[in-house]
Asker: 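Structure provided below as structure tokens; questions to follow.
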Amino acid sequence: MPQAAREIYQKITANIARIMQGQASSTRTLLAALASGGHVLLEDFPGTGKTTLAKALARSVDARFKRVQFTPDLLPSDILGVSVFSQRDQQFHFHEGPIFTNILLADEINRASPRTQSALLEAMGESQVSVEGERRNLADLFFVIATQNPVEFRGTYPLPEAQMDRFAAQFALGYVEKAEEVAILTAQEHVHPLEELEPCASLTDVLMLKRAVQEVRVSEELKRYVVALVGGTREANGVQLGASPRASLALMKAAQALALFDGLEFVTPEQIQELAVPVIAHRLVMEPQARFSGQTARGVVEEIVKKTKVPA
């Protein structure tokens, strides 16, 4: 199974690379979150390819895909669904919202009100939703890719701490190199490559990939190393709120995914270090004076990684 699962990862990566120029690291982190059962938040400036990356993944996997454009007037029922009265049988029938899918793209999530943002909390944390007093389970593969513009942009609502903690990883795509940007222009000169992208993996393949990740071994020393990294954020100067045990779980599981991608049967410190910033930093709440002095959550995590002793 490990070799077959790794081949699935390689096929999806190669398929996405046909669309996304110069984003190998971002694709690797995205697939680590997918394979470990987490969700991803992409924060970057408009036009850097956040939505394109999500669509490329969705088209690479033969699974259900829904997109929700978050706006200030979006309601929770627009995401979860609503019961509608039928004149034919004089009964209410539940109409599922877009959250009942395999891959959900929550585009510009921070443009919706906090009330609507909170509609995703239960779904992302427990793979279920409670609508009108009834619990409804989501699919075995339920993966949220949310995008947001930087919080200083007009018309945005900062995501609450509980919502940020539901994302296994947050990262930015950034601007590509000039040569890669020229390649993007050439690729889209006549038609967008996304229109011609075909699925390369099935829903069954992705579920097998997730099961294979769970079989990757993590030593007790590395578990303590993960806890030391996450625990260090709770004592760091300038941090008002450190990362929770959910961050430790997310870091361990995502590192298991990277180990599988690298063809290993066990996790190494390098995989944990590679994911420390995207998995931990977005969960921290910095003190106001620390922010004003230029201190960042990313810098705090990087410093903790440097200082924490690596297991032999």
Side-chain angles (χ1 to χ4, degrees), residues 29-30 32-44 50 54 68 70 76 79-80 99 104-130 138 142-151 156-172 213 223 225-236 238-257 272 274-288 290-291 295-302 304-305:
T29 305
L30 177 74
L34 170 67
S36 61
H39 307 282
V40 164
L41 176 63
L42 304 177
E43 179 183 273
D44 214 330
K50 303 185 296 296
V68 179
F70 279 63
I79 301 172
L80 304 179
I99 203 166
L104 176 68
L105 171 57
D107 219 357
E108 296 189 304
I109 188 173
N110 59 338
R111 291 204 181 278
S113 67
R115 176 190 176 196
T116 302
Q117 292 174 8
S118 66
L120 289 172
L121 285 174
E122 183 182 11
M124 293 173 63
E126 304 168 46
S127 290
Q128 67 178 38
V129 293
S130 299
L138 299 175
F142 175 64
F143 182 51
V144 175
I145 308 174
T147 71
Q148 72 170 3
N149 294 319
V151 293
T156 59
Y157 299 85
L159 295 180
E161 290 79 8
Q163 180 81 60
M164 295 294 284
D165 204 30
R166 293 300 197 280
F167 288 104
Q170 178 195 4
F171 56 92
V213 166
K223 288 177 183 176
Y225 182 53
V226 167
V227 170
L229 292 176
V230 174
T233 65
R234 302 165 196 161
E235 304 163 358
V239 177
Q240 183 176 334
L241 179 65
S244 70
R246 185 181 279 131
S248 301
L249 276 169
L251 183 54
M252 180 188 73
K253 291 180 178 179
Q256 286 176 287
I272 294 171
E274 179 181 341
L275 289 166
V277 171
V279 171
I280 301 174
H282 66 282
R283 306 170 194 267
L284 308 186
V285 177
M286 303 299 294
E287 293 177 352
R291 289 202 314 271
Q295 194 174 3
T296 65
R298 181 186 182 92
V300 168
V301 177
E302 288 174 345
I304 291 172
V305 171

Asker: Nearest 0.5 Å, what's the CE-NE2 distance between Met164 and His282?
Answerer: 5.5 Å

Asker: Ignoring hydrogens, what is the shortest heavy-atom contact between Val305 and Ala276? Give both atom names and the distance.
Answerer: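 Val305 and Ala276 have their closest heavy atoms at CG2-CB, 3.7 Å.
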
Asker: With a 4.5 Å limit on heavy-atom distance, are the side chains of Leu251 and Tyr225 in contact?
Answerer: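 They are not in contact (no side-chain heavy atoms under 4.5 Å apart), so the answer is no.
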
Asker: Are there more than 12 heavy atoms of other residues, nucleotides or ligands under 6.0 Å from atom CZ of Arg115?
Answerer: no

Asker: Less than 4.5 Å apart, side chain to side chain, heavy atoms only: is that true for Thr29 and Val40?
Answerer: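 With C-beta onward as the side chain, the pair stays apart.
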
Asker: Can you classify the ring geometry of Phe142 versus His39 as parallel (below 30°), tilted (30 to 60°) or perpendicular (above 60°)?
Answerer: perpendicular

Asker: For a side chain to side chain contact (heavy atoms under 4.5 Å, CB included) with Val301, tell me which candidate from Val277, Val239, Leu229 qualifies.
Answerer: Val277

Asker: For the residue pair Ser244 and Val230, what are the closest heavy atoms and their distance?
Answerer: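 Here Ser244 and Val230 meet closest at O-CG1, 3.7 Å.
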
Asker: Which heavy atom of Phe70 sits nearest to which heavy atom of Thr116, and what is that distance?
Answerer: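 In terms of heavy atoms, the two residues are closest at CE2-CG2, 4.3 Å.
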
Asker: Could you state the interatomic distance from OG1 (Thr147) to CG (Leu41), rounded to the nearest 0.5 Å?
Answerer: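 If we round to the nearest 0.5 Å, Thr147:OG1 and Leu41:CG are 8.0 Å apart.
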
Asker: Just wondering, do Val144 and Arg166 contact through their side chains at under 4.5 Å, heavy atoms?
Answerer: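 Not touching, per the 4.5 Å side-chain cut-off.
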
Asker: If I compare all heavy atoms of Ser248 with all of Val226, which pair ends up nearest, and what's the gap?
Answerer: O-CG1, 3.5 Å

Asker: If we check side chain to side chain contact (heavy atoms under 4.5 Å, CB included) with Leu120, which of these qualifies: Val68, Leu80, Ile109?
Answerer: Ile109

Asker: Counting only N and O atoms by type, is there a donor-acceptor contact under 3.5 Å from the side chain of Glu122 to the main-chain atoms of Ser130?
Answerer: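 Judged by distance alone, yes, a pair lies under 3.5 Å.
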
Asker: As an exercise, state the distance from CD1 of Ile280 to CD of Glu302, rounded to the nearest 0.5 Å.
Answerer: 11.5 Å

Asker: Can any side-chain N or O of Arg283 pair as donor or acceptor with the backbone N or O of Phe167 at less than 3.5 Å?
Answerer: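 Confirmed, Arg283 side chain pairs with Phe167 backbone.
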
Asker: Kindly compute the distance separating CG (Leu275) from CD (Gln256), expressed to the nearest 0.5 Å.
Answerer: 11.5 Å

Asker: Rounded to the nearest 0.5 Å, what separates atom CD in Glu235 from atom CD1 in Ile304?
Answerer: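 Going from CD on Glu235 over to CD1 on Ile304, the span is 8.5 Å.
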
Asker: With the side chain counted from C-beta on, respond yes when Gln170 and Gln148 share a heavy-atom pair under 4.5 Å apart, and no when they do not.
Answerer: yes

Asker: With a 4.5 Å heavy-atom cut-off, do Gln240 and Glu287 have their side chains touching?
Answerer: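 SC-SC contact between Gln240 and Glu287 confirmed.
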
Asker: Show the numbers, then the answer: is there a side-chain contact (heavy atoms from CB on, under 4.5 Å) between Val300 and Gln295?
Answerer: CA-CA 8 Å; Val300 168; Gln295 194 174 3; 3.5 Å; yes

Asker: Quick one: pull up CG in Leu104 and CZ in Phe143 and give me the separation to the nearest 0.5 Å.
Answerer: 10.5 Å

Asker: Return the minimal non-hydrogen interatomic distance between Gln117 and Ala112, and the atom names on each side.
Answerer: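 Nearest pair, atom of Gln117 first, then Ala112: NE2-O, 3.0 Å.
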
Asker: What are the two closest non-hydrogen atoms of Ser36 and Val213, and how far apart are they?
Answerer: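 Scanning both residues, the minimum pair turns out to be CA-CG1, 4.5 Å.
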
Asker: Given 3.5 Å as the limit, does a donor-acceptor pair link the side chain of Arg234 with the main chain of Leu241, or not?
Answerer: no

